[in-house]
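Order of the sequence lines sets the chain letters (A, B, ...), proteins ahead of strands, with each chain counted from 1.
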Amino acid sequence: MANLFSYDFRYDDNEHETETSEAQKEVEDRIGRVYMRLVDPQTLPLGGEIDDTKHRLLRAKHEQLINDSIHGLSSVFTVLDSSQPWIPFWCLNSLDVMGSDIDDRLRRHTMDTLRRMHCPSGGFRSDPWQLPHLASSYAAVMALVVVGGEDAYSVVDRHAMYRWLMEMKQQDGSFAVHTGGEIDVRGIYCALVIASMLNIMTCELVSGCAEFIARCQTFEGGIGPYPGVEAHGGYTLCGLAALEILGITDVLDLGRLAKWMCVRQMPFEGGFNGRTNKLVDGCYSYWVGGAFPLLQKALRRTANDDYLYERPALQRYILACCQDTRLGGLRDKPGKHPDLYHTMYCLIGLSLSQHYVGVDPAQEIADKSSVFSVPARMMQWGAVPARAKIIGARINILRPVHPVYGISFGPLAQGIKYFYSLPPLAESFV
Amino acid sequence: MGESEKYNSDKGDYVSLKEQEEWRDVTPIPQEEEPNTVCPIAYTDEYSDMMSYLRAVMAKREVSQRALDLTGRVIEVNPGHYTVWMYRKQLVEELGTDSESELDWVAEISEIHHKNYQLWHYREALISRLLDQKTAEALTQDQLVRHPVIRRELLFATTAIDGDSKNFHAWSYRQWIVRTYGIWDQELVFVDAMINEDVRNNSAWNQRYFVLMGNGSRRPEKNLDSPLEDSLVDREIAYAIEKIKLAPNNESPWSYITGLLLRHAPARLYNTLLPKLQGLAAEGSGYATSITTTPMYWSTLVDIYERQAKDLPDQASVLLDMARDACDLLASDHDPMRGKYWEFRKSQLCADATD
């Protein structure tokens, strides 16, 4: 059985039909039709093997969609008016991961756009009439790092950002996503990604974060947005990545977490779902798939052991089911419209599956939980070329990305080098 | 955009605010057209127009009905505009707007925009003002459940769940209400009904755990590892088994009961749950095939034997052998997609044995 595909893996509903099982079977029908077109006919008598050599990443088509989007978006995007800092991030990071050209003009225009989205009192928002938002700030900072260069980095006022982050900080260790906004694990992730990148980590900023995240781990083993709420792929990555920045992943029950993460991979589809008994979705290729390198490190496994999930099956799902061959871009699943969010998350999920990205446990840094160890620990991550697994044409290979930041190593390293050459904040020493 | 500003929208012709007498006194603040913007959005004339006037009233810190109405229209078109939600909240407070009608309005928005984040958060704020905790503390659970404010909110969340049985926000909102006002008992009834409707609804199973942890107290989550009363454990094991029998190849009840017992009554894993599962797996039970062909059964055995080996070290060797056999069976037959995981799991068992 080449790379684990089989109709035996279809969901068994024990002849007890419910809404969940019917929805699952419908998706499997759809995806089954996609996969059957890829089956090598000569293997049908023996069950049917998918010819995985044929998968092709349609770079040019995705580039086209992205470049069109950079040029302009139709009025249907009005609903993203308040998430505007995300859009250049989805676009530029996708281009970068694909190794596509980001010319000077695009860099300058992106910088100018994000400069206008920068709030002088800290954080980023779509325009001066909107409140700064933690998720938008995360996206903007990452986009500027992908653009790279001192001009881009200096768009951010680090001191203002720190003050604003501390305004969002809650007593219980969490962060609100904007003034008066909701509180959940996303906030912690965004705050720590920003702070660790900009060299504005302080004990005050990180206090209580690990404890809050630990309280969000449910009886299932995954992590939810808030204590008590259902375990969910997005929040699981946010929690695990935040703990990796803090250097204390062992506050979690890693055994239960590993189990929950592994069960998210759908046996028939190959992709991941985000919650128990829900449907597969391409974006979880990053939120769950991308968490496996982090889990690997937390479990102190080495490059000699593979990640705990089936990498080829995920890549097959992304390449065969998530690419929109007509419109370009990537999507949740066949039948859904592609969009920039799914394009980016499918691509970085694909990258993190193609490459083995890890940290050699023999190089463990002492005093991991000190805020001063953050840049060194983050830069220990790297790709191990011998452990790469590329499904389909060799040219499908993407740039490796860092699982915590979701951006490629080149821009990441440049950014960290720059920000850590600046003096730390006075508040770091309090 | 050669047309005039009037055009047909769902609600009839749109008339620019500039043409409206009511808005004569306001100078709109249009969005600045910046050159070289990446990913510029081509807003509709309607949206641009509304936002121009909204910026103007926000700049003046105007507190008025017309400002309130305008926030409503913007939110209808762009429900993700969190800043406008915040502004609306301020206006409602300062205008002393009737909370009932405001709740009705939020309900209308939720009908159009099911998956919106902000409306739930907004609703929480409204309810907190309508029924503060101090007042609530003086009432019994029964009284609270029948209180018009709470009854209405439970219905609101239920309606959302009727439309989307796993609506993340709706279930989370119910947790907030239950936790804030201490109405745990009714939630168990609701959970039961939802599990009966679809035994695979994991949000309902998660809620069940949530309710059990609240356990009648008004304080939030108990200590994560606090023990549960025996009778409660008996009840939950029986409940989980009953639901497993309906559809053994369903993750939810298995991860529920294993998670619950591991945290709060580990000895019951092997003293009570194991014999019941073995009973189901036995020939002639009527469930032998369906139970022994689902990976969840074998996976649960691994968890049970591991725990049992830890608690009863003199039997550890035999138990861990059985656990390792189950891992092998899972990797080869029942759950090959997770082959690497089962290999890992097995290696962890060995590690425990040599400790």
task: Could you look at A/M261 and say if it's the side chain, the backbone, both or neither that has a heavy atom under 4.5 Å from chain B?
output: neither
query: Are any non-hydrogen side-chain atoms of A/R256 and B/D303 less than 4.5 angstrom apart?
result: yes
- prompt: chain B heavy atoms under 4.5 Å from A/L299: which part of the residue, side chain, backbone, both or neither?
  reply: side chain
query: Which bit of B/I29 comes within less than 4.5 Å of chain A, counting heavy atoms only: side chain, backbone, both or neither?
result: side chain
query: Measuring from B/S203:OG to A/H232:NE2, what's the distance to the nearest 0.5 Å?
result: 9.5 Å
message: Taking side chain as everything from C-beta outward and backbone as N, CA, C, O, which of these in A/R105 sits under 4.5 Å from a heavy atom of chain B? Side chain, backbone, both or neither.
response: neither
query: If you round to the nearest 0.5 Å, how far is CG of B/N250 from CG of A/N14?
result: 8.5 Å
query: Given the options B/H81, B/E197, B/E251, which has more heavy-atom pairs under 4.5 Å with chain A than any of the others?
result: B/H81
message: Just to verify, what does A/E230 make a salt bridge (Lys or Arg N to Asp or Glu O under 4.0 Å) with, not counting sequence neighbours?
response: A/R275
message: Applying salt bridge (Lys or Arg N to Asp or Glu O under 4.0 Å), can you list everything that pairs with B/K340, at least two apart in sequence or on another chain?
response: A/E310
Flag side-chain contact, heavy atom, 4.5 Å: B/L260 against A/F219: no
- request: Return the minimal non-hydrogen interatomic distance between B/C39 and A/L73, and the atom names on each side.
  value: O-CD1, 3.5 Å
task: Would you check if B/P336 and A/F9 make a side-chain contact, meaning some heavy-atom pair closer than 4.5 Å?
output: yes
- request: Quick one: do B/N202 and A/E220 satisfy side chain to side chain contact (heavy atoms under 4.5 Å, CB included)? Show the steps, please.
  value: CA-CA 10 Å; B/N202 197 64; A/E220 288 196 90; 2.9 Å; yes
field: Heavy-atom contact with chain B under 4.5 Å, split by part of A/R116
entry: side chain
- prompt: Mind checking whether A/H178 and B/T83 have side chains closer than 4.5 Å, heavy atoms only?
  reply: no
task: Give a yes or no on whether the backbone of A/G228 and the side-chain of B/Q175 come within a donor-acceptor separation of less than 3.5 Å.
output: yes
field: Nearest-0.5 Å distance that lies between atom OH in B/Y82 and atom CD in A/Q130
entry: 5.5 Å
task: Determine yes or no for a side-chain-to-main-chain donor-acceptor pair under 3.5 angstrom, with B/R55 supplying the side chain and A/W129 the backbone.
output: no
Closest non-hydrogen atom pair between A/G270 and B/M337, with its separation: CA-CE, 4.2 Å
- prompt: With distance as the sole criterion, is a donor-acceptor pair present between the side chains of B/N201 and A/T20 under 3.5 Å?
  reply: no
message: We want to know whether A/D81 and B/Y47 form a side-chain donor-acceptor pair, criterion being a heavy-atom distance below 3.5 angstrom.
response: yes
- prompt: What is the distance from atom CD of A/E19 to atom OG of B/S165, rounded to the nearest 0.5 Å?
  reply: 4.0 Å
task: Could you tell me which of A/G72, A/S21, A/G255 has the largest number of non-hydrogen atom pairs under 4.5 Å with chain B?
output: A/S21
Residue, of B/P40, B/G259, B/P35, that accumulates the most heavy atom pairs under 4.5 Å with chain A: B/P40
- prompt: Taking side chain as C-beta onward, heavy atoms only, is A/S75 less than 4.5 Å from B/I41?
  reply: no
task: Could you look at B/W205 and say if it's the side chain, the backbone, both or neither that has a heavy atom under 4.5 Å from chain A?
output: backbone
message: Any side-chain to backbone donor/acceptor pair from A/N277 onto B/R200? Under 3.5 Å, distance only.
response: yes
task: To the nearest 0.5 angstrom, please state how far the NE2 atom of B/H121 sits from the CG atom of A/D184.
output: 10.0 Å
- prompt: What part of A/S126 lies closer than 4.5 angstrom to a heavy atom of chain B: side chain, backbone, both or neither?
  reply: neither
- line: Applying a strict 4.5 Å limit to non-hydrogen atoms, the region of B/Q31 in contact with chain A is side chain
Top contributor to chain A contacts, counting heavy-atom pairs under 4.5 Å, from B/S172, B/P248, B/G80, B/P295: B/P248
field: chain B contact via A/D13 - side chain, backbone, both or neither, heavy atoms under 4.5 Å
entry: both
- prompt: Given the options A/T78, A/V79, A/V76, which has more heavy-atom pairs under 4.5 Å with chain B than any of the others?
  reply: A/T78
statement: When the 4.5 angstrom heavy-atom criterion is applied to A/T218 and chain B, the contacting part is both
message: What part of A/V177 gets within 4.5 angstrom of chain B, counting heavy atoms only: side chain, backbone, both, or neither?
response: neither
field: Any donor-acceptor pair under 3.5 Å from B/R338 side chain to A/Q265 backbone
entry: yes
- request: Could you please spell out the steps behind the side chain to side chain contact (heavy atoms under 4.5 Å, CB included) verdict for B/N249 and A/H16?
  value: CA-CA 10 Å; B/N249 191 45; A/H16 176 84; over 6 Å; no
task: Taking the side chain as every heavy atom from C-beta outward, state whether B/Y341 and A/Y309 have any pair of such atoms under 4.5 Å apart.
output: no
- prompt: What do you reckon, is NZ of B/K115 surrounded by more than 12 foreign heavy atoms closer than 6.0 Å?
  reply: no
message: Tell me whether the rings of A/Y235 and B/F168 are parallel (<30°), tilted (30 to 60°) or perpendicular (>60°).
response: parallel
- line: Whatever's closer than 4.5 Å to a heavy atom in chain B on A/C91 counts as side chain
- request: Check each atom of B/Y256 against the heavy atoms of chain A and say whether the ones under 4.5 Å are side chain, backbone, both or neither.
  value: both
statement: Honestly, the part of B/V199 sitting under 4.5 Å from a heavy atom of chain A is both
Heavy-atom side-chain proximity of A/D12 to B/T294 below 4.5 angstrom: no
message: Return the CD to CG distance between A/E17 and B/D198, rounded to the nearest 0.5 Å.
response: 11.5 Å
field: Between B/S255 and A/K259, a side-chain donor and acceptor under 3.5 Å
entry: no
- request: Look at A/L80, A/V263, A/D305 and state which one has the largest set of heavy-atom pairs under 4.5 Å with chain B.
  value: A/V263
- request: Examine distances only and state if a side-chain atom of A/T113 and a backbone atom of B/V38 form a donor-acceptor pair shorter than 3.5 Å.
  value: yes
message: Taking side chain as everything from C-beta outward and backbone as N, CA, C, O, which of these in A/S69 sits under 4.5 Å from a heavy atom of chain B? Side chain, backbone, both or neither.
response: backbone
- prompt: Got more than 12 heavy atoms from elsewhere within 6.0 Å of NZ, A/K389?
  reply: yes
